[in-house]
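One structure is given below, encoded as structure tokens.
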Amino acid sequence: MTDHSPILAPIVALIAWSLVMWLWMYVRRIPAMNKVGIDSKNLVGGSGADLRARIPAKDQWPADNYNHLMEQPTLFYAVALVLALSGTGGGWNLCIGWAYVGLRILHSLIQVTINRVLVRFAIFTLSTLCLMALTVHAAIAVFCR
């Protein structure tokens with residue numbers, strides 16, 4: 001059995017959460033499409049913007065969140081891998097990594113339920129501060145050792 005960096009666990013957890021949101025997106029979208037008369041079985045072409053114009057906003061929120069999980073978290077994955085490879089993926093970095101993942105999950109739950117922008121923004125800001133801290137720690141590990 002090989003040893004691995006502890007920071008890999010939050011990476012896997014956030015990827016798993018992204019896949020949960022992918023499922024949530026389709027569980028909400030397909031019935032919403034059927035309700036407004038979109039024949040999803042025979043649909044050819046189109047985009048998310050086309051759906052946005054036709055289905056209720058609340059049914060679009062999981063798709064919006066899934067898209068958000070494909071944006072900033074990619075930076076988290078990269079910086080967490082740098083921490084893992086530099087041997088600094090434990091301790092405080094692990095705690096900050098889990099905080100980032102927890103905040104992103106909370107952001108998702110807020111966005112797909114109540115979708116209060118100010119609350120979402122506060123959670124997003126806290127998660128971004130976690131990402132900034134991890135980036136500073138990765139820079140120290142890479143440039144100062």
Side-chain angles (χ1 to χ4, degrees), residues 4-41 43-144:
H4 62 273
S5 177
I7 196 96
L8 297 176
I11 292 173
V12 173
L14 190 54
I15 291 169
W17 178 253
S18 297
L19 296 173
V20 167
M21 286 308 306
W22 175 85
L23 182 62
W24 196 335
M25 172 179 63
Y26 281 103
V27 165
R28 288 271 292 275
R29 244 187 188 179
I30 300 298
M33 290 168 61
N34 293 336
K35 194 172 186 178
V36 296
I38 298 172
D39 180 5
S40 58
K41 291 181 184 127
L43 186 64
V44 176
S47 68
D50 298 332
L51 289 179
R52 183 177 299 284
R54 300 211 33 213
I55 65 174
K58 192 170 187 170
D59 294 318
Q60 183 62 31
W61 294 346
D64 294 339
N65 185 261
Y66 179 75
N67 289 336
H68 292 161
L69 288 169
M70 298 302 115
E71 295 169 348
Q72 189 192 67
T74 60
L75 299 175
F76 168 73
Y77 301 137
V79 77
L81 288 173
V82 169
L83 292 166
L85 291 171
S86 67
T88 58
W92 279 108
N93 289 330
L94 178 61
C95 293
I96 297 167
W98 278 117
Y100 181 82
V101 170
L103 288 164
R104 291 309 306 220
I105 290 171
L106 181 59
H107 178 273
S108 293
L109 294 172
I110 290 167
Q111 186 165 19
V112 300
T113 57
I114 61 171
N115 207 8
R116 299 287 303 190
V117 173
L118 204 52
V119 177
R120 266 182 36 220
F121 180 70
I123 300 302
F124 178 76
T125 299
L126 289 174
S127 69
T128 301
L129 291 173
C130 290
L131 184 59
M132 288 176 179
L134 291 172
T135 302
V136 168
H137 294 168
I140 291 168
V142 169
F143 296 113
C144 298

Here the gap from Leu75 atom CG to Tyr100 atom OH, rounded to the nearest 0.5 Å, amounts to 7.0 Å
*Over 12 foreign heavy atoms within 6.0 Å of OH, Tyr77*: yes
Tightest non-hydrogen contact, residues Thr88 and Ala141, listed as OG1-CB, 3.8 Å
Shortest non-hydrogen pair, Leu131 vs Val79, comes out as CD1-CG1, 3.9 Å
Worksheet item: Taking side chain as C-beta onward, heavy atoms only, is Gln72 less than 4.5 Å from Arg104?
Response: yes
Between Asp59 and Ala32 the two heavy atoms that sit nearest each other are OD2-CB, 3.4 Å
Check: Can you check whether Ile11 reaches Phe76 side chain to side chain, under 4.5 Å on heavy atoms?
Finding: yes
When every non-hydrogen atom of Pro10 is compared with those of Val101, the smallest separation belongs to O-CG2, 3.4 Å
In this structure, CG of Leu103 is separated from CG of Leu126 (nearest 0.5 Å) by 5.5 Å
The reported gap from CG in Leu85 to CD1 in Ile7 (rounded to nearest 0.5 angstrom) is 11.5 Å
TODO: Kindly indicate whether the side chain of Leu51, heavy atoms from C-beta on, has any atom under 4.5 Å from the side chain of Ile38.
DONE: yes
Nearest heavy-atom approach of Pro6 to Leu94 is O-CD1, 3.4 Å
Checklist entry - Do the rings of Trp17 and Trp24 sit parallel, tilted or perpendicular, given the 30° and 60° boundaries? => result perpendicular
CD1 of Ile123 to CD1 of Ile105, rounded to nearest 0.5 Å, is 12.5 Å
*asked:* Taking CG in Leu118 as the centre, count heavy atoms belonging to other residues, nucleotides or ligands within less than 6.0 Å. Is the count above 12?
replied: no
Rounded to the nearest 0.5 angstrom, the CG-OG distance for Leu81 and Ser86 is 10.5 Å
When rounded to the nearest 0.5 Å, the distance separating CG of Asn115 from CG of Leu109 is 12.0 Å
Scanning both residues in full, the closest heavy-atom pair of Tyr66 with Met21 reads CD1-C, 4.2 Å
Result for side chain to side chain donor-acceptor pair (under 3.5 Å) between Asn65 and one of Gln60, Arg120, Gln111 points to Gln111
